[in-house]
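Take a look at the structure below.
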Amino acid sequence: MGATFEAIPTSPDVPIPAGTYPDVEALVPHCQRCQRCRLGATRTHAAVHRGNPTARLMLIGEGPGELEDRQGRPFVGPAGQLLDRILAAVDLDPARDVFICNVVKCRPPGNRVPEPDEVAACLPYLEEQIRLVDPAVFVFLGATALRACTGEARGITRLRGQWLTHRGRPAMAVFHPSYLLRNPARTPGSPKWLMWQDIRAVRAQLDALAAQPDR
Ligand code: URA
């Protein structure tokens, strides 16, 4: 395993087979050197993951912003701080109860949406993170994560809050925290109000699975 891992170059046409990485930390130095897509030329640091690799809940976002690029961790900027408050509201500790990562590990310049070829080049890293964390529940933060993971073309407004199945596990798409920062109202039916419903449903799902003997 070690030899295979060391031997893999980071060019876009070289596949990353399932089982390449022994643990999630092993992806980090590889992503920091990665040149599988054009984002490798402009990043400062790849932001690969944060949280607990044995968590039962995996949150998948779009891609790093400016602060994430500087610090090399996903969701450490304003959107991440809001995300942490949302999780805390249902008693989920971001360091203990969740594993957080992104569809693309390197910042798209100007925080643009990642291009389909950038998503495709980076997807093997996400596949490995999913294999290694093996979460009980997925949450897709925003439309890019929903589309990249499921191929779902319908929008987030239509699908948020519904239980989907991803890799045989319950999965829910929710609004991206950046969208909530741009829409701060908390009136009934507002994006923030809907997020509150959704995160409570995620919490309830985790509790229900924990009550089953084999999950
Ligand atoms: N938005 C994302 O999708 N991911 C981050 O890491 C930060 C902001």
Side-chain angles (χ1 to χ4, degrees), residues 24-25 27-28 30-32 34 36-40 42-53 55 57-88 92-95 97-130 133 135 137-150 152 155-157 159-160 166 171-184 191-192 194-195 198-199 202:
V24 293
E25 289 302 331
L27 276 86
V28 176
H30 199 167
C31 289
Q32 300 301 348
C34 184
R36 290 173 66 84
C37 80
R38 65 187 76 78
L39 300 181
T42 51
R43 68 155 182 262
T44 310
H45 298 105
V48 186
H49 71 256
R50 73 174 168 101
N52 181 357
L57 177 59
M58 184 166 188
L59 305 177
I60 305 175
E62 178 175 302
E66 188 183 356
L67 271 171
E68 289 79 15
D69 175 70
R70 236 186 273 158
Q71 295 186 26
R73 291 272 172 194
F75 283 101
V76 292
Q81 286 158 21
L82 175 58
L83 178 62
D84 285 358
R85 290 199 296 277
I86 291 167
L87 293 169
L92 291 172
D93 179 335
D97 298 323
V98 301
F99 181 87
I100 306 180
C101 59
N102 281 311
V103 168
V104 295
K105 312 306 185 211
C106 298
R107 183 190 184 203
N111 298 344
R112 64 165 170 75
V113 175
E115 301 287 349
D117 64 326
E118 295 161 353
V119 170
C122 211
L123 219 45
Y125 295 126
L126 180 61
E127 297 284 353
E128 281 291 85
Q129 289 175 311
I130 291 173
V133 175
V137 176
F138 292 94
V139 166
F140 307 126
L141 298 165
T144 299
L146 171 65
R147 198 176 323 113
C149 292
T150 67
E152 180 55 71
I156 194 81
T157 307
L159 283 185
R160 61 131 285 279
H166 185 59
M172 185 183 283
V174 302
F175 288 126
H176 193 287
S178 300
Y179 180 70
L180 301 179
L181 287 174
R182 296 193 298 274
N183 294 274
K192 264 198 167 166
L194 293 170
M195 179 62 143
D198 295 348
I199 198 67
V202 169

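Counting convention: from 1, in listed order, for ligands and their atoms alike. Only this structure's heavy atoms are used, side chains among them; waters, hydrogens and symmetry mates stay out.
- In terms of heavy-atom proximity, Glu68 sits nearest to Pro64 at CB-CB, 3.5 Å.
- In this structure, Phe175 and Tyr179 have tilted ring planes: the angle between them lies in the 30° to 60° band.
- Heavy-atom minimum distance, Arg36 versus Ala121: NE-O, 2.8 Å.
- Contact annotation: the side chain of Cys149 approaches that of Leu126 to within less than 4.5 Å [non-hydrogen atoms, C-beta and beyond].
- In this structure, a donor-acceptor pair under 3.5 Å is present between the side chains of Glu25 and His49.
- Protein residues are said to neighbour a ligand when one of their heavy atoms lies under 4.0 Å from it; for ligand 1 these are Gly61, Glu62, Gly63, Pro64, Glu68, Pro74, Phe75, Asn102, His176.
- Put simply, the side chain of His45 reaches to within 4.5 Å of the side chain of Gln32, judged on heavy atoms.
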